[in-house]
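Have a look at the structure below before the remarks.
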Amino acid sequence: MSPPLPPSVQSHLRLHRFSTAPASHHPPSSARLAEQHCLRLLSRCSTPSAVLQSLAFLLKSGLHSNPLVLTRLFASSASAAPAVLEPLVAALLGPSVPIDAFLVNTLIRAHATSPLPSARLRAAAFFPLMLRSAVLPNKFTFPFFLKACAALPGSPGVGLQAHAAALKFGFATDQYVSNTLIHMYSCFGGGFLGDARNVFDRMPKSSAVTWSAMIGGYVRGGLSSDAVGLFREMQATGVRPDEVTVIGVLAAAADLGALELARWVGRFVEREGIGKSVTLCNALIDTLAKCGDVDGAVAVFHGMEERTVVSWTSVIDALAMEGRGKEALVVFEEMKTAGVPPDDVAFIGVLTACSHAGMVDEGYAYFDSMKTEYGIDPKIEHYGCMVDMFGRAGMVDQAMEFVRTMPIKPNPIIWRTLMAACRAHSRHELGETISRNLLNEYPAHEANYVMLSNVYALTQRWKEKSDIRREMSKRGIKKVPGCSLVELDGEIHEFIAGDKSHPQWRDIYRMVEEMARELRRIGHIPTTSEVLLDLDEEDKEGALQWHSEKLAIAFVLLRTPPGTQIRVVKNLRVCLDCHAAIKCISQVYNREIVVRDRSRFHRFKNGSCSCNDFW
DNA sequence: GTAGGGTTAG
């Protein structure tokens, strides 16, 4: 059904009828008039509803087969709602419309950038349509087409065909096409990163775009060290990095927790006169925060002339990560006062802040306000925050009831959040039930085995526990090894639990032993029981003493002068024993130790931690 | 009318 036409269109229709009446010598063709009107209308189409109205007019006036009008409409609708795109496609494919490359290109682009997966899926299908209609692709076709394929990382086959077609039509060596190929392959992940690198290596000429695409690809693939390495290579070749390149490097620094690098990028941007756009500042805020420099992040925020909802959200997240929930809420209120309406992502930050600071009532009020004040439908992430909030506060039954009654099907993350609550508040029976269900539904996920095994350990059911372990190894499921990173003099050093691959491992292990002696001297008792060993997600085989964070801390203690801050980034959560041990280390060695966990920051100083043992 | 980029529950 067509929506009601706006008054302007209705008045035009009247005008239209009027003008079709027999007139003077050169009667203007009604089709021509309507087309002109339509083009005028479309040139003002900036909102989905405007596009929809134009569409209604098109269908009514029979212009939906006019290629010029259609092309313009597709271009206007690139940012419009998917609901608009669907009838457009139907309009195109229904009547016999003369198709040219321009039209198909526009169509591919409009669909490739749609937020709806089904629309993106269709984007790539327009290329065969082009060939069927005996239209040759032009130089604009492949960048659009490949970008559409990049949006479908689940079906790399389409992308491979696209690459083959680009070769066949002689466009594969075009700069734009090559750059997009790098991007596309790196979006596919896994071994395709090698294909991206292949394209990159074979390009005779490269630009900042080329390097940025490859750097971004490494970051996306979790190879942030390689991204940084490639950036250094880029500087050696003399290609001038631009804003986008630098944003890629910042993402790498954020991933690695490399504060020195992040600060260096800040200075580099100033020195090189790279424009400090809102996007760049947002990346800088996020990166500094993820490297543990919240105050630096806030300083960047305050220095910005223009701020978007992303800027505000980044600061809120930064504070929430440090457990500074009250401050995060203050910023959220300031954002609203500043006239920036929060979006769904901002609410995730706010709800996380409430959850981590134990502010259940506030959290509930904000959750309600999403819908009532801002018309935002909560997504699974928001429900997840609420479950976490109840769970952390010890309201496990409320959390369970919340999950039972929520309008979205709970996903594994929701169940794992509940599990964490059960573990923290000793609700072993409920935990076991959830854990078993989870494992039945998702038998390929290692985390689910670890959880059930932890429940058995907590209830001293060693037999069941070892059964689970056996099941895991039988299925070839491995735990993710614990891994800690530290940055020293611009180098990133990586430590894995119990590994001896570092060139200085002998010194490091001696230092760890010395640390253990010192800790015992002041009365720290290592929690070596198997229960606690398994409480962590860390590999069971790695003895507590050789947990990666301890190796990393020992290394930095050896290599830096007294009083220097120690910063560690860990891929998993810190285990109970390491948490207690690091508190003591901060006291004995008089060092501030900042550990970025999988979920938050811990600042150890004078024998205590900023998380107040609540994490 | 063409390429690379910022915030997201545990």
Side-chain angles (χ1 to χ4, degrees), chain A residues 71-72 74-75 78 101-106 108-110 138-147 150 171 174-184 186-187 196 200 206-217 219-220 241-251 254 277-287 289-290 308-318 320 342-352 355-356 378-389 391-392 411-421 447 451 537 572-573 597-600 615:
Chain A
T71 305
R72 193 74 72 84
F74 288 139
F102 189 89
L103 183 98
V104 181
N105 291 350
T106 317
I108 293 176
R109 181 175 55 169
N138 62 17
K139 67 168 181 169
F140 301 108
T141 306
F142 287 101
F144 289 147
F145 185 18
L146 293 166
K147 198 174 178 171
F171 289 109
D174 178 89
Q175 284 276 308
Y176 287 85
V177 173
S178 301
N179 292 335
T180 319
L181 276 170
I182 295 171
H183 177 244
M184 182 193 77
S186 73
C187 286
F200 178 81
S206 62
S207 67
V209 178
T210 314
W211 289 87
S212 308
M214 198 61 233
I215 289 171
V219 175
R220 208 174 293 117
D242 67 8
E243 203 189 313
V244 182
T245 320
V246 153
I247 287 171
V249 178
L250 282 174
S277 68
V278 178
T279 307
L280 177 58
C281 289
N282 292 344
L284 201 52
I285 292 172
D286 181 55
T287 303
K290 284 182 177 154
T308 64
V309 68
V310 178
S311 326
W312 289 94
T313 304
S314 300
V315 172
I316 292 169
D317 290 342
D343 63 5
D344 55 333
V345 185
F347 271 106
I348 294 174
V350 174
L351 294 176
T352 310
S355 154
H356 287 247
K379 296 202 289 202
I380 189 90
E381 291 92 334
H382 303 99
Y383 289 101
C385 291
M386 296 304 284
V387 174
D388 187 52
M389 197 171 73
R392 277 176 197 267
N411 64 10
I413 300 180
I414 296 276
W415 292 120
R416 264 177 242 143
T417 307
L418 259 175
M419 279 295 303
M451 285 214 154
E537 300 160 283
L572 305 174
R573 282 179 55 175
D597 204 70
R598 212 184 139 115
S599 70
R600 59 163 296 150
W615 80 96

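Since this is a predicted model, take the numbers as computed values, not measurements. As a basis for the values below, the full set of heavy atoms in this structure was taken, side chains included, without hydrogen atoms, waters or symmetry mates. Below, read A as the first sequence line, B as the second, and so on, with proteins coming before strands; counting in each chain starts at 1.
Look at A:His183 and you'll find a side-chain N or O under 4.0 angstrom from OP1 or OP2 of B:dG4. Proximity of A:Arg220 to the phosphate of B:dG5: a side-chain N or O atom is located under 4.0 Å from OP1 or OP2. Side-chain nitrogen and oxygen atoms of A:Lys290 include at least one within less than 4.0 Å of the OP1 or OP2 phosphate oxygen of B:dT8. Phosphate proximity of B:dA9 to A:His356: absent, as no side-chain N or O sits under 4.0 Å from OP1 or OP2.
Looking at A:Lys139 and A:Asp174, no side-chain N of the basic residue comes within less than 4.0 Å of a carboxylate O on the acidic one, giving no salt bridge.
If you check distances only, the side chain of A:Ser212 does reach the base of B:dG4 with a donor-acceptor pair under 3.5 Å. Checked by distance alone, A:Asn411 brings a side-chain donor or acceptor within 3.5 Å of a matching partner on the base of B:dA9.
Taking atom CZ on A:Arg598 and atom C1' on B:dT8, their separation rounds to 15 Å, with Å as the unit. Here the P atom of nucleotide B:dG5 and the CG atom of A:Asp242 are 12 Å apart, to the nearest Å. When the P atom of B:dA9 is taken as reference, atom CG of A:Leu351 falls 12 Å away, rounded to whole Å. For the pair A:Asn179 CG and B:dG5 P, the interatomic distance rounds to 11 Å; values are reported in whole Å. In this structure, CG of A:Asp388 is placed 6 Å from C1' of B:dG10, rounded to the nearest angstrom. Between the CG atom of A:Asp343 and the C1' atom of B:dT8 there is a distance of 9 Å, rounded to whole Å. As a whole-Å value, the separation of A:Met214 CE from B:dA3 C1' is 15 Å. As a whole-Å value, the separation of A:Leu284 CG from B:dT7 C1' is 14 Å.
Here A:Phe140 pairs with nothing under the ring pair (Phe, Tyr, Trp, His ring centres under 6.0 Å) rule; sequence neighbours left out. Looking at residues two or more places apart in sequence or on another chain, you find no ring pair (Phe, Tyr, Trp, His ring centres under 6.0 Å) involving A:Phe144.
The aromatic rings of A:Trp211 and A:Phe200 lie perpendicular to each other, with more than 60° between the two planes, well past the 30° mark.
You'll find the side chain of A:Asn105 reaches within 4.5 Å of the side chain of A:Asn138, heavy atoms only.
When each of B:dG10, B:dT2, B:dA3 is scored by its nearest atom to the side-chain atoms of A:Arg109, the top-ranked nucleotide is B:dT2. Side-chain atoms of A:Asp286 lie closest to B:dT8 of the nucleotides B:dT8, B:dT2, B:dG4. Of the candidates B:dA3, B:dA9, B:dG1, the closest approach to any side-chain atom of A:Asn138 belongs to B:dG1. Here B:dG10 is the nucleotide among B:dG4, B:dG10, B:dA3 with the atom lying nearest to any side-chain atom of A:Ala420. In the set B:dG10, B:dT8, B:dT2, the nucleotide with an atom closest to the side chain of A:Arg392 is B:dG10. The A:Thr180 side chain lies nearest to B:dA3 when the options are B:dT8, B:dA3, B:dG4. The side chain of A:Glu243 approaches B:dG5 more closely than any other nucleotide in the set B:dG5, B:dT7, B:dA3.
Put simply, A:Phe140 does not rest on the base of B:dT2: the two rings are not both less than 5.5 Å apart at their centres and under 30° in tilt.
Among the protein residues, A:Thr245 comes within range of the nucleic acid bases, having at least one heavy atom under 4.0 Å from a base atom. Residue contacts shown for A:Thr308 include a base, since a base heavy atom lies under 4.0 Å away. Residue A:Leu181 is out of contact with every strand shown, counting any heavy-atom pair closer than 4.0 Å. At the heavy-atom level, A:Val278 lies under 4.0 Å from base atoms of the strands shown. If you check every strand for non-hydrogen atoms under 4.0 Å, A:Asp317 touches sugar and phosphate atoms only. Within the nucleic acid shown, A:Lys147 comes within 4.0 Å of sugar-phosphate atoms alone, with no base atom in reach, counting heavy atoms only. Residue-level contact check: A:Ala251 touches neither bases nor backbone, having no heavy atom under 4.0 Å from any strand.
Checked options A:Thr352, A:Val350, A:Ile380; the residue passing with A:Cys385 is A:Thr352 (criterion: side-chain contact (heavy atoms from CB on, under 4.5 Å)).
Counted by atom type alone, A:Thr245 and A:Asp242 present one or more donor-acceptor pairs between their side chains at under 3.5 Å.
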